[in-house]
Amino acid sequence: MRDVAQRLLEWYDRHARVLPWRVPPGGSRADPYRVWLSEIMLQQTTVAAVKSYFERFIQLWPDVHSLAAADDSAVMAEWAGLGYYARARNLLACARQVAAEGGFPVTRAGLQTLPGIGPYTSAAIAAIAYDQPETVVDGNVERVVARLFAVETPLPAAKRELVDLAETLTPNGRSGDYAQAMMDLGATICTPRNPACVICPLSDGCAARRLGIAPELPRKAPRKAKPQRAGIAWVVTDGTSILLERRPPKGLLGGTLAFPSTGWDGGAATAPLDAAWRKLEPIQHVFTHFSLEMQVHLAKTNAPAARGHWVRLDHFNPADLPGLMRKVWARAAPEIAR
DNA sequence: CAAACGTGGGT
DNA sequence: TACCCAAGTTT
């Protein structure tokens with residue numbers, strides 16, 4: 001039986017996905033800035049969702065120095081809709097630190113000191129941008145390794161064991177190709193459900209396939225029930241502008257642009273002004289750890305606001321808002337237009 | 001270590 | 001429909 005890494009790389013040479021941030025197999029070294037930017041965007045986020053965001057960021061900020069010089073509000077607006085907004089805040093903090101230091105660190109340990117870069121991302125940048133034989137372990141690799149070695153311990157308890165096993169497979173050459181090959185295999189062949197074992201280049205040596213339990217691995221601890229919460233969002237217009245506010249820099253939707261709201265996140269508990277509110281049909285939204293029913297209250301008034309700032313409707317771009325607030329706007333906008 | 005942290009797509 | 005999942009990090 002040939003080496004796992006060798007078989008995987010031969011498969012990758014023929015089947016590597018073509019992605020905007022990727023250098024073709026066997027190609028030149030990737031730009032650390034592009035690798036870093038894509039890896040941050042890809043954290044817990046699908047390739048399909050990331051593509052257009054990556055292209056726009058590269059157009060606007062082609063290198064770490066231009067990104068470091070960007071306004072916070074511009075970056076938050078471009079990130080809006082992608083989720084996990086701490087990533088965007090850390091992205092800017094990281095860019096400014098890297099620009100000040102003259103470039104990215106070139107070791108995994110150095111990379112991991114930067115904001116937003118943890119065990120996975122540091123290994124990915126070291127392997128893909130610097131061709132270092134660091135072992136990259138994301139959800140794909142956890143699944144591939146759990147199946148190859150038939151690890152039946154549930155996650156997250158199995159994490160340490162899976163990392164140790166993954167390290168035994170990492171080759172010394174073609175580090176970037178190998179890391180991306182493992183992830184491509186997990187994403188396209190060794191999938192969570194209905195893995196395509198019949199066409200898998202590693203099926204010969206796969207213990208889970210031999211045991212007939214590949215689709216069941218990795219096992220996972222049962223997850224907690226999702227609580228239901230309720231809140232109110234106030235949409236105010238004076239006929240020319242609408243009232244928006246910047247959310248606090250930490251916590252849920254931290255740093256994003258939003259309609260004044262309350263009741264669901266522990267924030268301020270009163271309306272931004274007194275008005276005759278019209279209650280629209282509530283919107284539904286699901287976060288990672290709770291479900292939300294958001295009442296949408298609409299008013300037209302010239303009264304002064306206790307908080308937030310007015311944004312002219314002809315300068316307002318709903319795409320600058322996070323997903324939840326886009327839904328609020330989609331509910332209110334047709335009523336404002338009437 | 002468990003919990004917080006978004007969103008959209010697949011089954 | 002309801003649940004699972006996606007190139008995780010931070011606290």
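Since this is a predicted model, take the numbers as computed values, not measurements. Proteins get letters first, then strands, A, B, ... in listed order; numbering begins at 1 in each.
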Check: dG6(B) base within 3.5 Å donor-acceptor of Thr45(A) side chain | yes

Classify the side-chain pair Asn90(A)/Arg87(A) by whether it contains a donor and acceptor separated by less than 3.5 Å.
-> no

Report yes if a side-chain nitrogen or oxygen of Arg143(A) is closer than 4.0 Å to either non-bridging phosphate oxygen (OP1 or OP2) of dA6(C); otherwise report no.
-> yes

With the side chain defined as heavy atoms from C-beta on, His289(A) is closest, among dG8(B), dT9(C), dC5(B), to dC5(B)

Contact class for Gly254(A) (heavy atom, under 4.0 Å): base, sugar-phosphate, or nothing?
-> nothing

Calculate the interatomic distance between Leu91(A) atom CG and dC5(B) atom P; express it in whole Å.
-> 20 Å

Look at Gln44(A) and dG8(C) and indicate whether a side-chain polar atom (N or O) is within less than 4.0 Å of OP1 or OP2.
-> yes

Please figure out whether Pro115(A) or Ser38(A) has its closest DNA chain C nucleotide nearer the 5' end.
-> Ser38(A)

Within less than 4.0 Å of OP1 or OP2 of dG6(B), is there a side-chain N or O belonging to His285(A)?
-> no

Residue whose nearest DNA chain B nucleotide is more 5′ - Pro156(A) or Tyr85(A) | Pro156(A)

Please confirm whether Phe287(A) and Phe290(A) have ring centers closer than 6.0 angstrom.
-> yes

To the nearest angstrom, the NZ-P distance between Lys159(A) and dA2(B) comes to 14 Å

Rounded distance (Å) that lies between atom C1' of dT9(C) and atom CD1 of Ile40(A) | 9 Å

Rounded to whole Å, the NZ-P distance (Lys224(A) to dC5(B)) equals 13 Å

Has the side chain of Thr288(A) got a donor or acceptor that lies under 3.5 Å from a partner of the other kind on the base of dG6(B)?
-> yes

Using the P atom as the reference point in each nucleotide, state the distance between dT11(C) and dG6(B) in Å, no decimals.
-> 14 Å

Contact class for Ile117(A) vs. all strands (heavy atom < 4.0 Å): base, sugar-phosphate, or nothing?
-> sugar-phosphate

Spacing of Gln284(A) atom CD relative to dG8(B) atom P, expressed in whole Å = 15 Å

C1' gap between dC5(C) and dC5(B), integer Å | 16 Å

Judged by nearest nucleotide, the residue sitting upstream toward the 5' end of DNA chain C, Asp138(A) or Lys250(A), is Asp138(A)

Hey, which of these two, Gly83(A) or Asn194(A), hits DNA chain B nearer its 5' end, going by closest nucleotide?
-> Gly83(A)

Do the side chain of Arg17(A) and the base of dA7(C) come within less than 3.5 angstrom through a donor-acceptor pair of N or O atoms?
-> yes

In whole angstrom, what separates Phe290(A)'s CZ from dC5(B)'s P?
-> 7 Å

Check: Tyr120(A) side chain, dG8(C) base, donor-acceptor under 3.5 Å = no

Residues Glu152(A), Arg219(A): salt bridge by 4.0 Å N-O rule = yes

Give Leu19(A) one of three labels, base, sugar-phosphate or nothing, depending on what nucleic acid heavy atoms sit under 4.0 Å from its own.
-> base

Touch check for Arg22(A), heavy atoms < 4.0 angstrom, all strands: base, sugar-phosphate only, or nothing?
-> base

Arg247(A) bridged to Asp265(A) by N-O distance under 4.0 Å = yes

Cut-off 3.5 Å, side chains only: do Gln180(A) and Arg22(A) have a donor facing an acceptor?
-> yes

Please work out if Val286(A) contacts a base, only the sugar-phosphate, or nothing of the nucleic acid, heavy-atom cut-off 4.0 Å.
-> base

Integer angstrom distance from the C1' of dT11(B) to that of dA7(C) = 22 Å

With sugar-phosphate meaning primed atoms plus P, OP1 and OP2, does Gly251(A) contact a base, only sugar-phosphate, or nothing at under 4.0 Å between heavy atoms?
-> sugar-phosphate

From the options dG10(B), dA6(C), dT7(B), select the nucleotide whose nearest atom is closest to the side chain of Lys220(A).
-> dA6(C)

Atom CD1 of Ile125(A) to atom P of dG8(C): distance rounded to whole Å?
-> 13 Å

Pick the P atom in dG8(B) and in dT9(C), then give their distance to the nearest Å.
-> 23 Å

Using 4.0 Å as the upper bound for N to carboxylate O, is an ion pair formed by Arg174(A) and Asp177(A)?
-> yes

Give Thr121(A) one of three labels, base, sugar-phosphate or nothing, depending on what nucleic acid heavy atoms sit under 4.0 Å from its own.
-> sugar-phosphate

Nearest-Å distance, OH (Tyr53(A)) to C1' (dG8(B))?
-> 10 Å

Taking only the side-chain heavy atoms of Asn90(A) (C-beta and beyond), determine which of dT10(C), dT7(B), dA4(B) contains the nearest atom.
-> dT10(C)

Taking atom types as modelled, find out whether Ser291(A) and Gln284(A) have a side-chain donor-acceptor pair closer than 3.5 angstrom.
-> no

Reckon Trp21(A) touches a base, only the sugar-phosphate, or nothing at all at heavy-atom distances under 4.0 Å?
-> base

If Ile, Leu, Val, Met, Phe, Trp and Tyr residues are connected whenever their side-chain heavy atoms lie under 4.5 Å apart, and connections chain through other members, are Ile242(A) and Leu273(A) in the same group?
-> no

Any idea which of dC5(C), dA7(C), dT7(B) is nearest the Arg223(A) side chain?
-> dC5(C)

